[in-house]
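Residue numbering restarts at 1 for every chain, and letters A, B, ... go by the order of the sequence lines.
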Amino acid sequence: MKTPKNELNDLLAQTDGVEREALLQTWELVGHAKPPAPMDPDRTEGLRKSLREAVRDRTAHAGLDGSERETARRPRGPLVFRIRLVAAAVITVFVVAAGVWGFLPKSYLGAEGGNLVVTHVLRDGAQVQLAPGARLTGGARFSARRSYALDGEAWFEVDFNPDRPFSVETAHAEITVLGTSFAVRDWSSGVRQETSVFLKSGSISLRNTASDSTITMEPGVSFRSSLDGLKESQAYGEVTATAWTSGDLHFQAEPLGYVLDDVSRRFNVDISWTSAVDADRPVSGVFRAPDEVEVVLRDLAAYMSVMYRPTATGFELYAPD
Amino acid sequence: MEAIQNLSTQETRTTRARPYVSWSLDELASAVADSDADAFEALFERLREPLFRYVRELAPSGDGYDVLQDVFLKLWEVRSRLEVRVGIKPLLYRMARNRALNMTRKLKRIRLPGDLPDSGQSPEGSTVELNELQEQIQDWIGQLPPRRAEAFLLSRFHELPHADIARIMNLSVRTVQTHIVHALKDLRAARARWEATGRGPQ
């Protein structure tokens, strides 16, 4: 089995030599972190004892260890067997029925990649369009709230129902709908580490989960929610927030690193860059339903005055000598 | 049938006499699935420290001992349904993760629980420099986005393969690798900023 260091070496195999060396040095340096304190011996011994007792009790009741093991292996009578069989069948039917009737949350998926936008009608009638790779989970039919968790980017059309509030939770925010059309973006694999929300119509309440601060958003406004709190955003306006629904890529003064992250996800390829490429430089522009990653990379590279080249798993941007 | 049962009992006794210390985690898990309480205790001894550390990283204010007790009791309850093929270590990490996150409700910041005075040598200087560096490393890791920090710590300090980390965090391997590389880039940048202030190793 490979060690973590070997896995890292493989991971950085396509990275520029200087960059790679710096990252490997950082890996080593972090190894000098202060080691954690060992577990408290008294509490550990207490834990050990309680586990032993619990195992003994549960085994004795279950009849599954030591002297009880022979009892467990004793052939069971036909009546007991039948009762258990019937009980198992009843439970199975109940679980399947619960799933069908909506006790269980449901997952809604976007397309695996490319420009395809998937539209779902949720159990409560709300409509959601999911960007490729996005996932929305939740919406148990008999729950008092219509609660969903989003990983990715989506556009919602929701009717206001005071008896069943509609909410979407992401890694950095919780959005409660007061009847409305709105867009949300938060990719767990993304470099932004924030939730962007654009409200087209109606009203929503946006809560920053890090600071527990809440605002009520007005139509036409965008906000970003991150560990730094809530901030109004110009970069995630209506055009940007809806561009993906027609297959476009739209960026408004976004750092190149963010743009490349979106392009990487859209085309499911790795995109890296050498340290000579200014990944913080803002980029604005639109690509109309690009069907090949190189169409995008060619323009970005020209704009940034850099080059790009294929790697084993995708592409790398680099500065010519 | 009688003879077979006797043979089976003898084999069980022989197994119990074997030194668990030489068994792999998955061998121990197989024995636990067969209701071997000694193997269960050996598994606990083998994994309690790393699991405790992981829980403290995720939920510094929670009681890691409670989480550990809960995890291992659950393991014993479900032992007959253990899928040893998928690996016991990621399974236990995942169980611990679920419970730790339930305790904190939401993953906010990852904390490196480095609270043991270290007598090791500085990589590039004195003990004073080492202490400062150690504090900085804790601080830098605390500044990382939580999932990025978690993936990185599981690889760097828990020495788990990317595939296991993906299973624990319910992510794709590619996402885990992205988190690890971005964490390293963030840490390198933080170190550069620190050194630019003239306080880093000279």
Grab the two heavy atoms, one from [X] and one from [Y], that are nearest each other, plus how far apart they are.
X      : Y      : answer
B:I137 : A:H32  : CD1-C, 4.1 Å
A:G31  : B:F157 : CA-CE2, 4.3 Å
B:P161 : A:E7   : CA-OE1, 3.2 Å
B:R156 : A:E28  : NH2-O, 3.9 Å

Cation-aromatic face contact B:K185/A:W27, 6.0 Å, 45 degrees: no
Which portion of [X] sits near chain A, non-hydrogen atoms under 4.5 angstrom:
X      : value
B:F52  : side chain
B:I180 : side chain
B:D186 : neither
B:E41  : side chain

A:S264 versus B:R174, side-chain donor and acceptor atoms under 3.5 Å: yes
Polar contact flag, side-chain donor to acceptor under 3.5 angstrom, B:Q69-A:S50: yes
Partner chain A: residue of B:L160, B:L187, B:L73 with the largest heavy-atom pair count (under 4.5 Å): B:L73
Pairwise distance CH2(B:W140) to OG1(A:T26) - rounded to 0.5 angstrom: 8.5 Å
Atom pair CG/NE2 of A:L8 and B:H162 - distance to nearest 0.5 Å: 6.5 Å
Any side-chain heavy-atom pair of B:F44 and A:L47 under 4.5 Å: yes
Contact check, side chains of A:V30 and B:F152, non-hydrogen atoms, under 4.5 Å: yes
CA sep, side-chain torsions, deciding dist, call: A:Q25, B:R188, side chain to side chain contact (heavy atoms under 4.5 Å, CB included): CA-CA 9 Å; A:Q25 274 181 11; B:R188 184 198 55 190; over 6 Å; no
B:D63/A:R43 ion pair, N-O < 4.0 Å: yes
Residue part contacting chain B, namely of A:L12, when any heavy atom lies under 4.5 Å: side chain
Proximal component of A:T44, with respect to chain B [non-hydrogen, under 4.5 Å]: both
Test applied, side-chain contact (heavy atoms from CB on, under 4.5 Å); reference residue, A:L11; option that passes from B:T178, B:L184, B:V181: B:V181
Working for side chain to side chain contact (heavy atoms under 4.5 Å, CB included), residues A:T3 and B:E159: CA-CA 7 Å; A:T3 63; B:E159 301 186 343; over 6 Å; no
Side-chain donor/acceptor of B:Y65 to backbone N/O of A:M39, under 3.5 Å: no
Exceeds 12 heavy-atom contacts within 6.0 angstrom, atom CZ of A:R135: no
